[in-house]
> 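Let me begin by handing over the structure; questions about it come next.
The basis for the numbers below is simple: all heavy atoms, side chains too, and nothing from hydrogens, waters or symmetry mates. Chain naming here is simple, since letters A, B, ... match the order of the sequence lines and numbering starts at 1 in each. Everything numeric in this text was worked out from a predicted model, so none of it was measured.
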2 protein chains.
Amino acid sequence: MRIGELADRCGVTTKTIRFYESIDLLSEPNRTASGYRDYDDGAVQRLQFIRDAQSSGLTLAEIASVLELKSAGQRTCSHTAQLVSQHIAAIDQQITQLIAARDELSELAQRAESLDPSSCTDPNRCQVIEAGRSHT
Amino acid sequence: MRIGELADRCGVTTKTIRFYESIDLLSEPNRTASGYRDYDDGAVQRLQFIRDAQSSGLTLAEIASVLELKSAGQRTCSHTAQLVSQHIAAIDQQITQLIAARDELSELAQRAESLDPSSCTDPNRCQVIEAGRSHT
DNA sequence: CCAAACGTTCCCCTACGCTGGAAGAACGCT
DNA sequence: AGCGTTCTTCCAGCGTAGGGGAACGTTTGG
């Protein structure tokens, strides 16, 4: 099948498919005599797998590393498991950071309510934010 | 003072200062006869304010919007408060998304432990991920 | 037989917050 | 006078996941 059909079947754009090919996430397909990309059903499977993995929160780089090992004939369950747990750890760290930022902002919000706007005249600063500096 | 001293005093690089100027976060300073940027103490205050606000989790665009209104002579407490609460909402959304991704990955991790790697032979897929497709 | 719809490659653009380097001018100290 | 450091501008890129559009070739239906 040609690129448009593959795209429709998998719910992506042709741009995305060419992009995946450019980063070696999809292998280069055969070409027709006139140079059109010519895909088989395996490409549908692989592309759907990529979208599934992506919707699970894996990055394209992580998906690529799974597929690379797969195509080298390895049993990748343990590799996948390791990769997934690494990714979970990274997400936990992001969540921690976001919660810290959230806490910081909540304090600012409270302070903003309690301060008198008319005492706020310095053009370079803002007392809402400034007041929180010492304890940060 | 020249750009290097300002940078040292505020703990940033000269690159960062020029970058802030290029996005209008810092206003263009006076120049010496030979074309060097020449800053006063107000620049130190403003730059430190920017770093404080940034460490509170605000983006440079948000900081710019506070500073813009300030320099227009407005009392910005209410604006700052609104901006902060918007940012908190955005962070909450990010956290929600990350937790969803985390849950998804936890399921994958559990599945990876329970599956038999030797049954995993398709070069285009990975049963750990594939098995979760239906309920996603 | 021709126009529409599809395909190709190519390069630039997005947002974010910078960092690095090159080429040249100016400053500071000996 | 000369050497090293600091300054100037501009250009380029990182990483993520593609999107937009130009300029051109191919396929397909009426």
Side-chain angles (χ1 to χ4, degrees), chain A residues 1-26 28-39 43 46-65 67 83 87 90-91 93-94 97-98 101, chain B residues 1-26 28-39 43 46-67 83 86-87 90-91 93-94 97-98 101:
Chain A
M1 84 198 71
R2 302 195 309 202
I3 196 170
E5 187 182 342
L6 176 61
D8 287 346
R9 278 215 222 172
C10 297
V12 301
T13 65
T14 59
K15 283 279 190 188
T16 298
I17 293 174
R18 291 197 198 93
F19 171 67
Y20 285 175
E21 183 184 323
S22 78
I23 60 171
D24 291 327
L25 195 50
L26 291 174
E28 295 186 16
N30 293 327
R31 299 288 183 132
T32 65
S34 58
Y36 283 19
R37 287 174 180 80
D38 189 20
Y39 295 97
R46 190 173 171 114
L47 186 46
Q48 277 173 347
F49 168 76
I50 292 170
R51 302 306 279 194
D52 290 343
Q54 204 179 10
S55 77
S56 293
L58 295 180
T59 66
L60 296 184
E62 289 168 330
I63 297 166
S65 88
L67 286 172
L83 193 152
H87 195 86
I91 286 180
Q93 203 176 358
Q94 281 181 57
Q97 281 178 7
L98 282 175
Chain B
M1 85 197 73
R2 301 196 309 203
I3 195 170
E5 188 182 340
L6 176 60
D8 287 346
R9 279 215 221 172
C10 298
V12 301
T13 65
T14 59
K15 284 280 189 187
T16 298
I17 294 174
R18 292 196 199 93
F19 170 68
Y20 285 176
E21 184 185 323
S22 78
I23 59 171
D24 291 325
L25 194 50
L26 291 174
E28 295 186 16
N30 294 327
R31 298 288 182 131
T32 66
S34 58
Y36 284 16
R37 286 173 179 79
D38 189 19
Y39 295 97
R46 191 173 171 114
L47 187 46
Q48 277 173 348
F49 167 77
I50 292 169
R51 301 306 278 195
D52 290 342
Q54 204 179 12
S55 77
S56 293
L58 295 180
T59 66
L60 296 183
E62 288 167 330
I63 297 165
S65 89
V66 174
L67 286 173
L83 193 151
Q86 275 175 16
H87 195 86
I91 286 181
Q93 204 176 358
Q94 281 180 58
Q97 280 177 8
L98 282 176

> Going by salt bridge (Lys or Arg N to Asp or Glu O under 4.0 Å), name the residues that satisfy it together with B/R9, two or more places apart in sequence or in a different chain.
B/E5, B/D41
> Round to a whole Å and report the spacing from CD of B/E21 to C1' of C/dG17.
16 Å
> Quick one: is D/dC7 close enough that its OP1 or OP2 comes under 4.0 Å of any side-chain N or O from B/R37?
no
> To the nearest Å, how far apart are B/M1 CE and D/dT6 C1'?
16 Å
> Tell me: CG of B/D38 to P of D/dT8, nearest whole Å?
10 Å
> Sorted by first residue and then second, give each salt bridge (charged side-chain N to carboxylate O under 4.0 Å, His left out) pair with at least one member in residues 12-22 of chain B; sequence neighbours left out.
B/E21-B/R37
> Please give me the minimum heavy-atom distance between A/I91 and B/L98, naming the atom from each residue.
CG2-O, 3.7 Å
> Tell me which residues in residues 2-10 of chain B lie within less than 4.0 Å of DNA chain D, going by non-hydrogen atoms.
B/R2, B/I3, B/G4
> Is any side-chain nitrogen or oxygen of A/Y20 closer than 4.0 Å to OP1 or OP2 of D/dA17?
no
> Is the shortest side-chain N/O distance from A/Q54 to OP1 or OP2 of D/dG18 below 4.0 Å?
yes
> Atom OH of B/Y39 to atom P of D/dC7: distance rounded to whole Å?
10 Å
> Look at the side-chain N and O atoms of A/R51 and state whether any lies under 4.0 Å from the OP1 or OP2 oxygen of D/dG18.
yes
> Let me know the distance between CD1 of B/I23 and C1' of C/dA15, rounded to the nearest Å.
12 Å
> Please write out each protein N/O paired with an N/O of nucleotides 20-23 of chain C under 3.5 Å, distance rounded to 0.1 Å.
| from | atom 1 | to | atom 2 | distance (Å) |
| --- | --- | --- | --- | --- |
| C/dG20 | N7 | B/K15 | NZ | 3.0 |
| C/dG20 | O6 | B/K15 | NZ | 3.0 |
| C/dG21 | O6 | B/K15 | NZ | 2.3 |

> May I have the distance from A/I50 (atom CD1) to D/dG18 (atom P), rounded to whole angstrom?
10 Å
> Sequence neighbours excluded, which residues qualify as side chain to side chain donor-acceptor pair (under 3.5 Å) partners of B/S22?
none
> Between A/L83 and A/S65, what is the shortest heavy-atom contact and its length?
CD1-OG, 3.0 Å
> Work out how much the helix from C/dC1-D/dG30 to C/dT30-D/dA1 bends between its end axes, five pairs an end, to the nearest 10 degrees.
30°
> Please examine the side chains of B/I17 and B/Y39, heavy atoms only from C-beta on, and report whether any two atoms are closer than 4.5 Å.
yes
> What nucleotide, of D/dG18, C/dG7, C/dT9, holds the atom closest to the side chain of A/T14?
C/dG7
> So which one's nearest nucleotide on DNA chain C is more toward 5', B/A33 or B/T59?
B/T59
> Are the side chains of B/F19 and B/T13 in contact, using a 4.5 Å heavy-atom criterion?
no
> If you check the A/L60 side chain, which of D/dT8, C/dG17, D/dA17 turns out closest?
D/dA17
> Could you report the tightest heavy-atom contact between A/G57 and A/H87, atom names first, then the distance?
O-NE2, 2.9 Å
> Quick one: closest heavy-atom pair of A/M1 and A/D38, and the distance?
N-OD1, 3.3 Å
> Look at all strands and tell whether B/T13 reaches a base, only sugar-phosphate, or nothing, counting heavy atoms closer than 4.0 Å.
sugar-phosphate
> Atom CD of B/Q94 to atom C1' of C/dA15: distance rounded to whole Å?
13 Å
> Regarding D/dG25, can its base be found pairing with the side chain of A/Y36 as donor and acceptor, where the two atoms are less than 3.5 Å apart?
yes
> With a 4.0 Å limit, can you tell me whether B/R31 has a side-chain N or O closer than that to the phosphate oxygens OP1/OP2 of C/dA25?
no
> Quick check for you: among D/dG19, C/dC27, D/dT27, whose closest atom lies nearest to any side-chain atom of A/S34?
D/dT27
